[in-house]
Amino acid sequence: MAAVSGLVWRPLRQVSGLLKRRFHRTAPAALQVTVRDAINQGMDEELERDEKVFLLGEEVAQYDGAYKVSRGLWKKYGDKRIIDTPISEMGFAGIAVGAAMAGLRPICEFMTFNFSMQAIDQVINSAAKTYYMSGVAAQHSQCFAAWYGHCPGLKVVSPWNSEDAKGLIKSAIRDNNPVVVLENELMYGVPFEFPSEAQSKDFLVPIGKAKIERQGTHITVVSHSRPVGHCLEAAAVLSKEGVECEVINMRTIRPMDMETIEASVMKTNHLVTVEGGWPQFGVGAEICARIMEGPAFNFLDAPAVRVTGADVPMPYAKILEDNSIPQVKDIIFAIKKTLNI
Amino acid sequence: MAVAIGAVRVWRQSRILGQAALLLLRRPGAQGLTISHPHRQQEQQFSSLDDKPQFPGASAEFIDKLEFIQPNVISGIPIYRVMDRQGQIINPSEDPHLPKEKVLKFYKSMTLLNTMDRILYESQRQGRISFYMTNYGEEGTHVGSAAALDNTDLVFGQYREAAVGAAYAAKRANANRVVICYFGEGAASEGDAHAGFNFAATLECPIIFFCRNNGYAISTPTSEQYRGDGIAARGPGYGILSIRVDGNDVFAVYNATKEARRRAVAENQPFLIEAMTYRIGHHSTSDDSSAYRSVDEVNYWDKQDHPISRLRHYLLSRGWWDEEQEKAWRKQSRKKVMEAFEQAERKPKPNPNLLFSDVYQEMPSQLRKQQESLARHLQTYGEHYPLEHFDK
């Protein structure tokens, strides 16, 4: 009996190995499982293993799921573990978060991820940020340039100074497409010299055109929004050491003005990007990818470097907040690293 | 709080009268923010020595008895109808007295839709189209409501909040237009329904929210979708004039929509119509409803309470229709649909250039470069592509 049960519980691989040695020389046929069934199996096994696991979503119970991924689960586990919800993604995503906070382990199913956009606030603010937030974080601060910049059909602009702000909002209002204007709240109270052209009622800053805020020859520093000011400060410090930075204010995230950036990189041979947003899948990443795809790549003397916000939800304490976004010293450090000085 | 209590009293009254009435839950004389906003009324009375509530948030009397408002789901908001299930007018004063041609147009629209549904459902099964949703049992809601609108009115098939935005724009333009937004009782659970109702009321928009309560959201029955008295009961909570109608009675749907339209435009306020009906068909071609409901239930609605049958009885009893016309029309409508279908199948596919347009109003440079690149590619290698199937 013991020997038989030992055989039964061995993994398939070992069993077939045993069979191979004793009886056959041909390999057994590989098991084929569809992705749907694999997910179903995974959920089934976890529902069985841990009674705190439950599945909720639209049509997941008796209907077996809109795509039949939860087939048979309601029949096996019943109403308490497999729950059909009303049509409110924001509702049941929030409920899933609350249940998870209180010790359950929910599987929250969106019929398709398109519908999950209804629930994005729950997924990001309630789910992603709350653990950190219950320590020290504020939840509402983050940069959305990468988020909206990702989407065809939107235009995305990011003003830095007063001239940018006026010119871009006027252009955005006149544009017949949806335009996301990423105003930075910290800049609202900052005064800037307002050139005479900007005082005209017809003054527009064109969408899709970057501005070279400072000419330079040694390195291209590309940024948008509040960090542009930090880049200019860094450039002033480095100028005293004989390093001349060319600082580009993107002004528009989408459509990005690659021509200006490329022309600059082809002149300076070095690139640093600076943004306040999170590092992964961000604006700097897009710039670096496009540099590689275009003519400027061959002009690089060193890999491009990104300076970004820290990869954490924005902390609440002032000193932590200040240190989780790029500071002048971080920009100087990145520039010197790229230039190998 | 006060609004809901008022609602209960009015519902009881209307039952006593034996008639469904549009539930008037706006404060009398409310014509806009400036004239009679309760906030301002309260300011005027603030110096009064009466022991009346002064709260800005509600206009109500005090009560000294602890009493929870009971949601009334056993006898909910009554269902307005004009015809009985045999197509006979119940209350002659509610008969819209529509001329023969108009009623025949109702009938032909509903039956043509029904015919088109059958043919297109079959064609999906045959692989000629990829996906289809039928209207079986709900033809009355579509035709009755659409017939009550003007040709320039805007129709939203979903997107409740966006519909309110459009209604607001119509009001600003003094356009004499109403926006009608259709949705099911399932979609009414979405957050944007809540936002849509609230904004329509506070922004005073000429919009009709038309809810088709057909009993199921794919497989989810109404008992799992909500616990209150359907969707009509939610309207008063937002300050919206609301009514529940028999969706299988095309005249009831017509009357309610017509009146709602007239007042929505004249008074710049939203209306909520909940049309009770039943989804006889599957939710879509991806659904098999026998998995979650009985064939008997479906058959009852198909045989005993169908909007098309009811209107046919009405037509027959007036001598405006007969079996021969029925046979001839069935043939003709089938032919119409088949011809349109075959014409559509013969049409060439859109020009490949259109792949790049309409992302923005103007084509951005990187898309234009790709469009030009494709054009060059086709110039050289076009013979390897089935370009004859595409528009030139």
Side-chain angles (χ1 to χ4, degrees), chain A residues 56-68 70-72 74-75 79 82-95 111-112 115-122 151-156 174-179 206-209 252 254-259 286 290 293-294, chain B residues 131 158-162 165 183-196 211-214 216-228 230-231 234 282-294 355-370:
Chain A
L56 84 168
E58 296 156 13
E59 306 294 326
V60 296
Q62 191 188 8
Y63 197 67
D64 284 337
Y67 293 95
K68 308 303 171 205
S70 54
R71 185 190 290 124
W74 175 74
K75 225 171 169 178
D79 283 335
I82 312 292
I83 300 172
D84 268 346
T85 64
I87 304 179
S88 178
E89 286 74 13
M90 176 150 64
F92 61 76
I95 285 164
M111 194 179 286
T112 100
F115 299 156
S116 79
M117 284 209 293
Q118 294 275 357
I120 194 77
D121 179 62
Q122 297 295 341
C151 302
L154 286 180
K155 293 192 182 177
V156 183
R174 295 189 191 191
D175 198 310
N176 288 330
N177 299 285
V179 181
I207 295 179
K209 199 85 194 70
T252 301
R254 184 181 179 113
M256 203 188 289
D257 181 1
M258 254 345 258
E259 282 88 39
E286 177 66 18
R290 292 224 218 165
E293 291 163 2
Chain B
F131 181 79
Q158 45 194 85
Y159 301 140
R160 293 139 298 275
E161 281 165 321
F183 53 98
E185 86 285 351
S189 297
E190 281 287 8
D192 77 337
H194 156 76
C211 177
R212 296 170 291 100
N213 188 330
N214 65 11
Y216 292 93
I218 308 188
S219 79
T220 308
T222 53
S223 56
E224 288 176 32
Q225 191 66 242
Y226 55 74
R227 284 296 149 82
I231 314 306
R234 299 181 196 173
H282 307 300
H283 172 70
S284 71
T285 46
S286 306
D287 176 37
D288 174 13
S289 60
S290 63
Y292 52 83
R293 58 182 184 175
S294 74
L355 279 168
F356 307 94
S357 54
D358 298 340
V359 181
Y360 299 95
Q361 198 191 50
E362 70 293 334
M363 198 181 293
S365 60
Q366 73 269 31
L367 286 182
R368 201 172 354 98
K369 288 197 195 102
Q370 291 181 37

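We use all heavy atoms of the structure for the numbers below, so side chains are in, but hydrogens, waters and symmetry mates are not. Because the structure is predicted, anything quoted here is derived from the model rather than measured.
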With sequence neighbours left out, the residues meeting salt bridge (Lys or Arg N to Asp or Glu O under 4.0 Å) with A:K75 are none
Compile the donor-acceptor pairs under 3.5 Å between side chains in residues 85-92 of chain A and protein atoms, sequence neighbours left out, one pair per line.
from  : atom 1 : to    : atom 2 : distance (Å)
A:T85 : OG1    : A:G57 : O      : 3.4
A:S88 : OG     : A:G91 : N      : 3.3

Can you establish whether the number of heavy atoms outside A:R174 located under 6.0 Å from its atom CZ is more than 12?
yes
Pair B:Y360, A:D175: side-chain N/O donor-acceptor within cut-off below 3.5 Å
no
Residue selection (most heavy-atom pairs with chain A, distance under 4.5 Å) from B:H283, B:E224, B:Q366
B:E224
Is chain A contacted by the side chain of B:D358, its backbone, both, or neither, given a heavy-atom distance below 4.5 Å?
neither
Bottom line for B:A187: the part with an atom under 4.5 Å from chain A's heavy atoms is backbone
Has the side chain of A:N177 got a donor or acceptor atom that lies under 3.5 Å from a matching backbone atom of B:Q361?
yes
Using non-hydrogen atoms and a 4.5 Å limit, figure out which bit of A:M111 sits close to chain B: side chain, backbone, both or neither.
side chain
Under a 3.5 Å threshold, yes or no: a donor from one side chain and an acceptor from the other, between A:Q62 and B:S219?
no
Just checking, is any N or O donor in the side chain of B:D192 or A:Q118 under 3.5 Å from an acceptor N or O on the other one?
no
Might you work through the side chain to side chain donor-acceptor pair (under 3.5 Å) test for A:E59 and B:T220, ending with a clear yes or no?
CA-CA 7 Å; A:E59 306 294 326; B:T220 308; 2.7 Å; yes
Between B:S365 and chain A, which part of the residue has a heavy atom less than 4.5 Å away: side chain, backbone, both or neither?
neither
